[in-house]
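Before any comments, here is the structure.
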Amino acid sequence: MCQRGRLIIISGPSGAGKSTVVRRLIAQCPLPLQLSISATTRPPRPGEVHGRDYYFVSPEEFERLRDAGAFLEYKQVYGKYWYGTLRQQVDEALELGKWVILEIDVQGALTVMEQQPDVLSFFVHPGSREELERRLRNRGTDDEQSIQRRLQVADEELAYRDRYKFEIINRDVDAAVEEICRTLQQYAIGVEHAG
Ligand code: 5GP
């Protein structure tokens with residue numbers, strides 16, 4: 001039997017480079033990390049793949065899953081689309097000893113933290129609002145209205161950053177990945193039981 005894995009949350013304003021950090025973390029950090037794939041009613045962006053980036057579902061299917069209790073947490077993000085963490089997928093991975101990463105918004109994160117206080121939570125952000133706006137514009141995937149909405153949500157989310165165990169300023173992706181990995185490795189050797 002293997003030891004149950006740990007649950008990890010990574011949140012932060014969209015455009016903070018979160019997805020890149022998570023992808024690199026999984027590729028580079030020598031722990032059995034696994035990304036939880038959420039269900040969403042948002043349509044796929046170009047290049048996104050069903051089952052890899054998200055499970056893209058209809059609003060009806062999302063409602064059915066929600067009513068069946070399939071979500072560990074779920075949330076309407078940007079007042080438009082629904083996103084939810086699939087409970088069974090997370091539990092099965094944890095049972096297999098995986099360290100499961102939830103890349104979810106602040107409200108979803110707070111819900112999970114209440115249920116599971118030992119979750120390792122990271123708030124990743126680019127350091128300043130100007131830098132965030134620059135990154136959102138450079139990404140080129142959002143129209144002006146979406147950018148403004150994302151910036152507004154970012155301002156609201158920043159207010160919650162001290163609810164997280166760790167704050168990571170992502171000025172440099174390599175450094176951010178290394179910092180998160182180092183922190184996780186300390187937990188892998190049982191830092192919370194030390195002293
Ligand atoms: P995007 O549409 O850019 O992929 O994601 C928008 C926001 O939804 C991001 O902040 C992302 O972290 C969040 N998100 C993605 N999946 C989930 C989920 O399952 N639950 C919650 N609460 N937020 C999610």
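For ligands, and for the atoms within them, numbers begin at 1 and follow the listed sequence. In what follows, every heavy atom counts, from backbone to side chain, and hydrogens, waters and symmetry copies are set aside.
A heavy-atom distance below 4.5 Å is found between the side chains of Y55 and H50. In this structure, C181 and L25 have side chains that are in contact, with non-hydrogen atoms separated by less than 4.5 Å.
Q148 meets the side chain to side chain contact (heavy atoms under 4.5 Å, CB included) test with R137, E144, L151; sequence neighbours excluded.
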Table please: side-chain donor-acceptor pairs of residues 32-46 below 3.5 Å, with sequence neighbours left out.
from: S36; atom 1: OG; to: Q89; atom 2: NE2; distance (Å): 3.3
from: T40; atom 1: OG1; to: R42; atom 2: N; distance (Å): 3.0
from: T40; atom 1: OG1; to: W82; atom 2: O; distance (Å): 2.9
from: T41; atom 1: OG1; to: W82; atom 2: N; distance (Å): 2.9
from: R42; atom 1: NE; to: Y83; atom 2: OH; distance (Å): 3.3
from: R42; atom 1: NH1; to: E48; atom 2: OE1; distance (Å): 2.9
from: R42; atom 1: NH2; to: E48; atom 2: OE1; distance (Å): 3.4
from: R42; atom 1: NH2; to: E48; atom 2: OE2; distance (Å): 3.1

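By the 4.0 Å N-to-carboxylate-O rule, E131 lies close enough to R134 to be salt-bridged with it.
Ligand 1 is surrounded by K18, S38, R42, R45, Y54, E73, K75, V77, Y78, Y83, G84, T85, E103, I104, D105, G108, R150, each with at least one heavy atom closer than 4.0 Å.
Hydrophobic cluster membership of V112, counting Ile, Leu, Val, Met, Phe, Trp and Tyr whose side-chain heavy atoms lie under 4.5 Å apart directly or via other members: L7, I9, L72, V90, L94, V100, L102, I104, V106, L110, M113, V119, F123, L158, Y160, Y164.
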